[in-house]
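One structure is given below, encoded as structure tokens.
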Amino acid sequence: MFRTIIDAFKVKEIRNKILLTLLFLFIYRLGCWIPCVGFSPSAMGINDNSFGFFELMNMVSGGALSNGSLLALGVSPYITASIVIQLLCVAIPALERLSKSGEDGRRKISLYTRIAALVLAVAQSVGIVVGYAGQGVLDKNLTSVMPTWLVGMGVVIIMVAGAMFTVWMGERITELGIGNGTSLLIFVGILSSAGTAVSTIVNACTTDITYIWYLVLFVVIIIAIFALIVFMDGGERKVQVNYAKQIKGRKMYGGQSQSIPIRINATGVMPIIFASALLTFPQMIISIFWPNVTWYSDWLGTNSWLYIVLTAFLILAFAFFYSKISFDTNDIAKRLQQQGGLIQGIRAGKPTADHLSKISNRITFWGALFLAMIALIPSLAFKAIGDYAGAAVLINAFSVTGLMIVVSVALELDKQLSAQMFMRNHKGFLN
């Protein structure tokens, strides 16, 4: 990957895209430290030693929420909106047809996603301000000279504007930069949180040398997890497809073999995000409107066995669900039949769809089992280390969800840079 980046800097066009992307990322990180007027996040109880909804938002935004910055909401409203729109595209036939209607349809889906992100940003900011207003989330210096509702409205407007500005930056990186703007913003946020956690544990090592063994142990574990994620990300099953020869006019088409790659981890980190959001979102609602209610966090907190069991079950369920969405065997079988493609020993049509579905279910099971296993590492680690705060900070920062996002974005970045350089060289060759 480093060699790809070095080669990319030698190309002026790609170098300008990289520099523009770095400029947007710098602006984003700068916005994560500029304080939001009237907002004091200390009342929200964001704790590095837990892994709830606010802690997940804080990790993805690179500490923007705990800093009480302009971009406190980060990209979380847009991510949630994207998930909701994807699910609606499956449930609503009109949206499904729109998503398959080419560039114009994708543009409309993107518009609906931005509108949904705006609605969610308003809901999240209003929920935070209303739910924690009595606990001191609003600046007391301002509320003493101004009406509380006016200060709260100002905080909501600033937070919503910051969230939509983040969405705008992600789209500009995708359009003018090297692509995957939203993913790169998450990538930078997670790396920033990880860097802060490492500095915290290093400072702890200066006071007590025994803490260094925790740091060494975590470095070894992180390297092993990285290797496992990369290995599983590249694993796939190739289904051989033979195309019949067809004569059209004076030309002959087909007569060759290709393969359909079915990846082990085709769903990526989406099942983990779905499961985490489903379990932590009620906790956020309860903590906002009923702060004294603790039964949910006691029974379904990240340290509870019930949380571990439900998380594993939901990851398995969402992995199969998302696999059905992203890999439609009936549609693939139909297109193969139209193009004269045939899997050896399998009849065209429904038998082909059933055969592909059987293979996909088997591979998805092992991929889902892999996701469930590594997603539970933070919860199991919490039980193993007890109340050791320094190790808990590292576990939160280097959560497997964050690691999978970092690895997937890094691999996708390498592929995009390689593809852009290949297109440029190919164009020069043709000229």
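The distance from the OH atom of Tyr28 to the CG atom of Leu70 is 12.0 Å, given to the nearest 0.5 Å. Separation of atoms OG1 (Thr329) and CD1 (Ile262) is listed at 9.5 Å; rounding is to 0.5 Å. Rounded to the nearest 0.5 Å, atoms CG (Leu71) and CG (Leu30) are 9.0 Å apart. Taken from CD1 in Ile115 to OH in Tyr112, the straight-line distance is 7.5 Å, to the nearest 0.5 Å. Of the inter-residue distances, the one linking Leu98 atom CG with Arg106 atom CZ reads 10.5 Å to the nearest 0.5 angstrom. The structure places CG of Leu22 at 9.5 Å from CG of Leu184, a figure rounded to the nearest 0.5 Å.
Using a 4.0 Å cut-off between charged nitrogen and carboxylate oxygen, Asp331 and Lys334 do not count as a salt-bridge pair. Ion pairing of Lys358 with Asp354 is absent here, as no side-chain N (NZ or NE/NH1/NH2) approaches a carboxylate O to less than 4.0 Å.
Remark: Asn16 engages Lys12 in a side-chain contact (heavy atoms from CB on, under 4.5 Å) (not counting sequence neighbours). By the salt bridge (charged side-chain N to carboxylate O under 4.0 Å, His left out) test, Arg347 pairs with no residue at all, sequence neighbours left out. Applying the side-chain contact (heavy atoms from CB on, under 4.5 Å) criterion to Leu336, with sequence neighbours excluded, gives Val241, Tyr243, Ile260, Ile332, Thr352. Ser357 meets the side chain to side chain donor-acceptor pair (under 3.5 Å) test with Lys324; sequence neighbours excluded. A search for side-chain contact (heavy atoms from CB on, under 4.5 Å) contacts involving Trp33 returns Arg29, Asn67, not counting sequence neighbours. Not counting sequence neighbours, Asn330 has no partner by the side chain to side chain donor-acceptor pair (under 3.5 Å) test.
Between Trp168 and Phe165, the ring planes lie parallel to each other; the angle is under 30°, not in the 30° to 60° tilted range.
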So Leu316 and Phe313, side chain to side chain contact (heavy atoms under 4.5 Å, CB included) or not? Walk me through it.
CA-CA 5 Å; Leu316 290 172; Phe313 174 77; 5.7 Å; no
Could you go through the side chain to side chain contact (heavy atoms under 4.5 Å, CB included) check for Ile173 and Leu25 one step at a time?
CA-CA 9 Å; Ile173 293 175; Leu25 294 178; 4.0 Å; yes
His355 vs Ile343, test: side chain to side chain contact (heavy atoms under 4.5 Å, CB included). Steps then yes/no.
CA-CA 9 Å; His355 178 71; Ile343 300 175; 4.1 Å; yes
What do the steps show when you test Ile18 against Ile14 for side chain to side chain contact (heavy atoms under 4.5 Å, CB included), and what is the final call?
CA-CA 6 Å; Ile18 295 176; Ile14 302 178; 4.1 Å; yes
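Counting all heavy atoms, side chain and backbone alike, Ser125 lies closest to Val160 at OG-CG2, 3.4 Å. Considering all non-hydrogen atoms of both residues, Ala333 and Gly349 come closest at CB-O, 3.6 Å. Heavy atoms only, all atoms of each residue included: Lys17 and Gly177 are closest at CD-O, 3.6 Å. Gln337 approaches Ala348 most closely through the heavy-atom pair CG-CB, 4.1 Å. Of all non-hydrogen atoms in Met164 and Ala117, the two that sit nearest each other are SD-C, 4.4 Å. Among all heavy-atom pairs drawn from Phe24 and Arg172, the shortest one is CZ-CB, 3.8 Å.
Leu138 has its side chain out of reach of Phe39: every pair of non-hydrogen atoms, C-beta onward, lies at least 4.5 Å apart. Put simply, the side chain of Glu171 reaches to within 4.5 Å of the side chain of Ser110, judged on heavy atoms. Within the 4.5 Å cutoff, side-chain heavy atoms of Ser360 are placed close to those of Ser323. Side-chain atoms of Asp139 and Ser40, non-hydrogen and from C-beta on, never get closer than 4.5 Å to each other. Inter-residue side-chain proximity for Ile109 and Leu95 is flagged as met; some heavy-atom pair is nearer than 4.5 Å. Contact check for Ile158 versus Cys36: side-chain heavy atoms found under the 4.5 Å cut-off. Taking the side chain as every heavy atom from C-beta outward, Val156 and Met153 never approach each other to under 4.5 Å. Looking at heavy atoms from C-beta onward, Met159 lies in side-chain contact with Val155 at the 4.5 angstrom threshold.
Applying the 6.0 Å contact sphere to CZ of Arg362 captures no more than 12 heavy atoms from other residues, nucleotides or ligands.
In this structure, Thr21 contributes its side chain and Ile178 its backbone to a donor-acceptor pair below 3.5 Å. Here the side chain of Ser69 pairs a donor or acceptor atom with the backbone of Ala64 at under 3.5 angstrom. Using a distance-only test at 3.5 Å, with no hydrogens or angles considered, a donor-acceptor pair links the side chain of Thr174 to the main chain of Gly170. Using a distance-only test at 3.5 Å, with no hydrogens or angles considered, no donor-acceptor pair links the side chain of Ser192 to the main chain of Val188.
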